[in-house]
Amino acid sequence: MARVDLIEKKVSARTLISLLLVFCSLLFSLLSFFSSFTSYSTLLVFLEWGTVLTGLVLAASTIAPIRKYLAHNSFFLELSITTIVLACLDLIWIMFTSYILSILN
């Protein structure tokens, strides 16, 4: 039982971190859109791509341990799938804002 508790703690931390990374990427995207004519826009674009892809990989890598060890708790599975969907929508938003920023510059 202690092993399952340890795995549950690890999965919950990874799921929370991946969700926070996706929301940070959205925040970076909004910051890069509003600071499009400053020197920090390129850095913010790289940060938003890096955080959303890291969050997406982290959320996708937590699905296998959840299905294997935590079949009784579907909350983490649903949260990981929600994070993946949010990351995909965030990727579409980042591509759109990057396209708009390239037109404006």
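Position 1 is the first residue of the sequence, and the numbers go up from there.
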Can you tell me how far the CG atom of L30 sits from the OG atom of S25, to the nearest 0.5 Å? 9.5 Å

With no hydrogens and no angle check, do the side chains of S61 and R14 hold a donor and an acceptor under 3.5 Å apart? yes

Answer yes or no: is there a side-chain heavy-atom contact under 4.5 Å between F28 and V45? no

Atom pair OG (S32) and CG (L44), whose distance is rounded to the nearest 0.5 Å: 6.0 Å

Hey, any chance I100 and F34 share a hydrophobic cluster, counting ILVMFWY side chains that come within less than 4.5 Å of each other, even indirectly? yes

Same apolar cluster: L26 and F96, side chain cutoff 4.5 Å: yes

Test of understanding: clusters of I, L, V, M, F, W, Y form through side-chain heavy atoms closer than 4.5 Å, transitively. Do I17 and F75 belong to the same one? no

What distance do T83 atom OG1 and L58 atom CG have between them, rounded to the nearest 0.5 Å? 9.0 Å

Between the CG atom in D90 and the CE atom in M95, the distance rounded to the nearest 0.5 Å is 10.0 Å

Nearest heavy atoms of T62 and A59, plus distance in Å: OG1-O, 2.8 Å

Reported CD-to-OG1 distance for the pair E78 and T15, which is rounded to 0.5 angstrom: 12.0 Å

If you define the side chain from C-beta out and look only at heavy atoms, does anything of L21 sit under 4.5 Å from L56? no

Looking at L77, L79, I81, which one forms a side chain to side chain contact (heavy atoms under 4.5 Å, CB included) with I66? L77

With the 4.5 Å side-chain cut-off for hydrophobic clustering, are L43 and L31 part of the same group? yes

Measuring from S12:OG to I7:CD1, what's the distance to the nearest 0.5 Å? 12.0 Å

Taking C-beta and beyond as the side chain, do L91 and W49 meet within less than 4.5 Å on heavy atoms? yes

Residue pair T97 / E48, side-chain heavy-atom distance below 4.5 Å: yes

